[in-house]
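By convention in this document, chain letters (A, B, ...) are assigned in the order of the sequence lines, proteins followed by strands, and residues within each chain are numbered from 1.
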2 protein chains.
Amino acid sequence: MPSQSHSPTGGQQRRPASQQGMRRQNLALVLGAVAAHAPLSRADVAARTGLTRAAVSTLVVTLHEAGLVSELGPAPSGRVGRPGNALVLSNEGPAGLGLEVGVEHLAGCVVDLSGEVRLQRRTASPNRGRPADQVLADLGALAAELLAEAEALKLRPAGAVLAVPGLVDAAAGTVVHAANLGWRELHLPPELLGLPLSVENEANLGALAELWREGGEAEGPAPVDFVHVSAEAGIGAALVVGGRLFRGARGFAGELGHVPVHPEGPLCPCGAHGCLEQYAGERAVLAAAGLPEASGDWVALLAKRAAEGSAPVREALRQAGVALGTALAGAVNLVDPEAVVLGGAYAELGEWLLPAMRAELAARVTVRPWEAGALSASGLGRAGALLGAALVTVRRIIENPSGAYGVG
Amino acid sequence: MPSQSHSPTGGQQRRPASQQGMRRQNLALVLGAVAAHAPLSRADVAARTGLTRAAVSTLVVTLHEAGLVSELGPAPSGRVGRPGNALVLSNEGPAGLGLEVGVEHLAGCVVDLSGEVRLQRRTASPNRGRPADQVLADLGALAAELLAEAEALKLRPAGAVLAVPGLVDAAAGTVVHAANLGWRELHLPPELLGLPLSVENEANLGALAELWREGGEAEGPAPVDFVHVSAEAGIGAALVVGGRLFRGARGFAGELGHVPVHPEGPLCPCGAHGCLEQYAGERAVLAAAGLPEASGDWVALLAKRAAEGSAPVREALRQAGVALGTALAGAVNLVDPEAVVLGGAYAELGEWLLPAMRAELAARVTVRPWEAGALSASGLGRAGALLGAALVTVRRIIENPSGAYGVG
DNA sequence: ACTATTCGTCATCGCGATGAACAAATTAGT
DNA sequence: ACTAATTTGTTCATCGCGATGACGAATAGT
């Protein structure tokens, strides 16, 4: 289960603090500082973390032996004094493998510790209704190729995470229901080619990719409390709270698609009336736009038609935006996020969806301060899920370096 | 600010782990075990926490010197072996002072470390529109009386928390807006009679009281992930996530009252259309019931008329329940709580509100498992806020014993 | 060359948990 | 009643790990 167990039920079952725990925590602290702030000397790390230079030194020895950090050698800083020895995350050794199964494709990628995508691979594959074991076999072959190439780069993935468009029980490692693939109650093996394998919802992984994106760009610091909306199979929202994915008590948080928008609206397959999906879901938008359903890459098609100036398509998207905005207004009133990010496939339709969403949010979020800029489209778009899947393993190593292998 | 700072913005600004931090954590671990599981011998604590008996011994010495735990003396256990020396939370020394200002009353109470209410006081006081400093002066007098009585019981409150019906910025210690009192942008002094003073929303405190209620009764274990709905001034929902109050990025989470229920519904004073308050708020319910507004204790009045069998009142409450259920269905779909608790004044109307709410939730929460029993009325009712206010200080001491005084 | 800095490492110290040993207090068995 | 077996709580030696302070190394400024 990536990132966070869903309710550790641990009322007060905390572990006692031992000196080994202390060391573990400080290893993570040092590695986290190196991961977050590019090249850093030991002294920089000490200043930033509050640890002593001496302590940082011994911690770095451990991290270096584990192959997690490497030195670039002394770099003239321009200032007086002995120059520091720059530390960076190792671009060899531990890595993360992300896998993705979509309706029409399989994909995988390998990222190194610094989050850089080092390998990527994508193959067309009509998976709709195909037996799951065949799909998984193809996916295994793709993963094997990636692992071979990774070995040539001296990268050694420590875990694999699979992104699935559908409802997933991450803790149990099962796909509860993926309508577009025709999967239901599918238990995935705990290992793939010797790597521990986790499953996760595409929407959640897209949110994590957004959370962990390189903050270096001019986009400002990545928010740690946000709602990430994405539509792939149904409409899902991932809640990120304090930099952690929030799964809810039973792991089913984020079902934005079934938030009631018009309580007396049309019947939804879920059994309720007027769910958001009835206004902003695939079928609803295609119907409103006058397009046939199940038409291949419907998102790309909509984007193309809208760009061409099709009035019905634009109106359909505007109405979807209104519904999304209404549902999100409720969500914002409830959880008060720092930002709302439109991700996944819908990010590509942002140009047509965002104005109506912004208007709706501005009109309905009135009790607290709310700026239009707090709603934006993800720059990652559909690539987010795969990237997020690969990053899960890497982040897990960085946040708990002694957990991987026998570092401690 | 009680309980949890609202977004520590701490991307990776964690403190380094020192051996003093280790001690602090283990003190909290031991004290937490004693607080949670009644009388416990040192050996029991060791077994339960995973610490060594030796370690527990020295930790208990520190806690005893700080006046946080006391010994009951050896108690025959019936089993073979030397009997353990039972440890309990001290019923003297550190305590918590809770204060409450309502539209028609002032109240205060003192709880000891074990959460027991030792002193309670309530005075009628028409506070609507009265100058805030006069109200606070009266409240100070009430607090002074309680502190004098507390001293006779050898209880020494370590902090005071004030429950206010309205929007509060707990971190800044200000009441942003309390419509029913006529307060706006009121900065409260940081101290009251020498005690550090915090302010908090009534709804949030009611939720915390629910969270911290004695689990011993047959009501089963208190949930750690739940939504606590209460209506006092407006309709508020407090989200408790993993046993902590969730405040949102800016501290405004839980505005259930302005979640859109019927997007094209009547205009709300907040500027939006069809907010929940337009269907389940004080004015809406009274109007639907055919009663004059601003009629003293309107909740009690509604409960009385409903119990007498008044059809219009019952129908008004049923419709409010439908609206509440619709809004809550959205909330449940989003955050997947373990339970939903109806608290505050509305708890007294539970008999008339719950059936419609349950029906609505059952119909609209379909993707995940949902049982009707997950929605219930709080047993604390309106007393929750005051109790929660007093418990905040006590819980803070228990969760961080070295923070209070110079324990460490 | 000399001084002022800054960086990284080493020896020493203190704190706090661990583990083993031991006295005290009880029950079970004869 | 006396012994054996347990369980509790404390004491003592030990270990791990960060803090502290000192020292060599490497740079800039004069």
Side-chain angles (χ1 to χ4, degrees), chain A residues 14-30 33-34 39-65 69-87 401-402 406-408, chain B residues 14-30 33-34 39-65 69-87 401-402 406-408:
Chain A
R14 274 183 307 181
R15 302 278 104 219
S18 61
Q19 26 217 23
Q20 329 176 36
M22 185 167 126
R23 180 125 186 119
R24 236 176 299 153
Q25 191 173 327
N26 284 337
L27 283 170
L29 189 65
V30 169
V34 173
L40 235 51
S41 72
R42 289 168 174 76
D44 291 335
V45 173
R48 191 175 288 278
T49 58
L51 288 162
T52 320
R53 296 203 310 272
V56 172
S57 266
T58 73
L59 290 163
V60 165
V61 167
T62 305
L63 293 174
H64 185 75
E65 283 171 356
V69 303
S70 53
E71 301 194 346
L72 294 182
S77 66
R79 295 208 323 259
V80 60
R82 170 177 167 180
N85 208 333
L87 298 170
S402 23
V407 173
Chain B
R14 275 181 307 181
R15 302 278 105 218
S18 60
Q19 24 221 19
Q20 331 176 34
M22 184 167 126
R23 183 119 184 123
R24 234 175 301 151
Q25 192 173 326
N26 283 338
L27 282 169
L29 189 66
V30 170
V34 173
L40 234 51
S41 73
R42 290 167 173 77
D44 291 336
V45 173
R48 190 174 289 278
T49 60
L51 288 161
T52 318
R53 295 204 311 273
V56 172
S57 266
T58 73
L59 289 164
V60 165
V61 168
T62 305
L63 292 174
H64 185 75
E65 284 172 355
V69 303
S70 52
E71 301 194 343
L72 295 182
S77 66
R79 295 208 322 259
V80 59
R82 168 178 169 179
N85 206 334
L87 299 170
S402 23
V407 172

Handout entry: R42(B) side chain near dT10(D) phosphate (N/O to OP1/OP2, under 4.0 Å)
Key = yes
Would you tell me if any nitrogen or oxygen in the side chain of N26(A) comes within less than 4.0 Å of OP1 or OP2 on dC17(D)?
no
R79(A) has its side chain closest, among dG9(D), dT26(C), dT6(C), to dT6(C)
Picking from dG16(D), dT18(C), dA25(C), the nucleotide nearest the side-chain atoms of Q19(B) would be dG16(D)
Sorted by chain and residue number, the side-chain contact (heavy atoms from CB on, under 4.5 Å) partners of P83(B) (sequence neighbours excluded) come out as P74(B)
Once you round it to whole Å, what is the distance between [atom2] of [N] and [atom1] of [X]?
X: E71(B); N: dT10(D); atom1: CD; atom2: C1'; value: 13 Å
X: L51(B); N: dG9(D); atom1: CG; atom2: C1'; value: 15 Å
X: R23(A); N: dG16(C); atom1: CZ; atom2: C1'; value: 17 Å

Residues passing the side-chain hydrogen bond (donor to acceptor under 3.5 Å, both in side chains) test with R23(A), sequence neighbours excluded, are T62(A)
Across all chains, not counting sequence neighbours, the side-chain hydrogen bond (donor to acceptor under 3.5 Å, both in side chains) partners of E71(A) are R42(A), N85(A)
For nucleotides 19-24 of chain C, tabulate all protein N/O to nucleotide N/O atom pairs closer than 3.5 Å, reporting atom names and distance.
none

May I have the list of side-chain donor-acceptor pairs in residues 49-61 of chain A shorter than 3.5 Å, sequence neighbours left out?
residue : atom : partner : partner atom : Å
T49(A)  : OG1  : V45(A)  : O            : 2.8
T49(A)  : OG1  : L51(A)  : N            : 3.2
T58(A)  : OG1  : A55(A)  : O            : 3.0

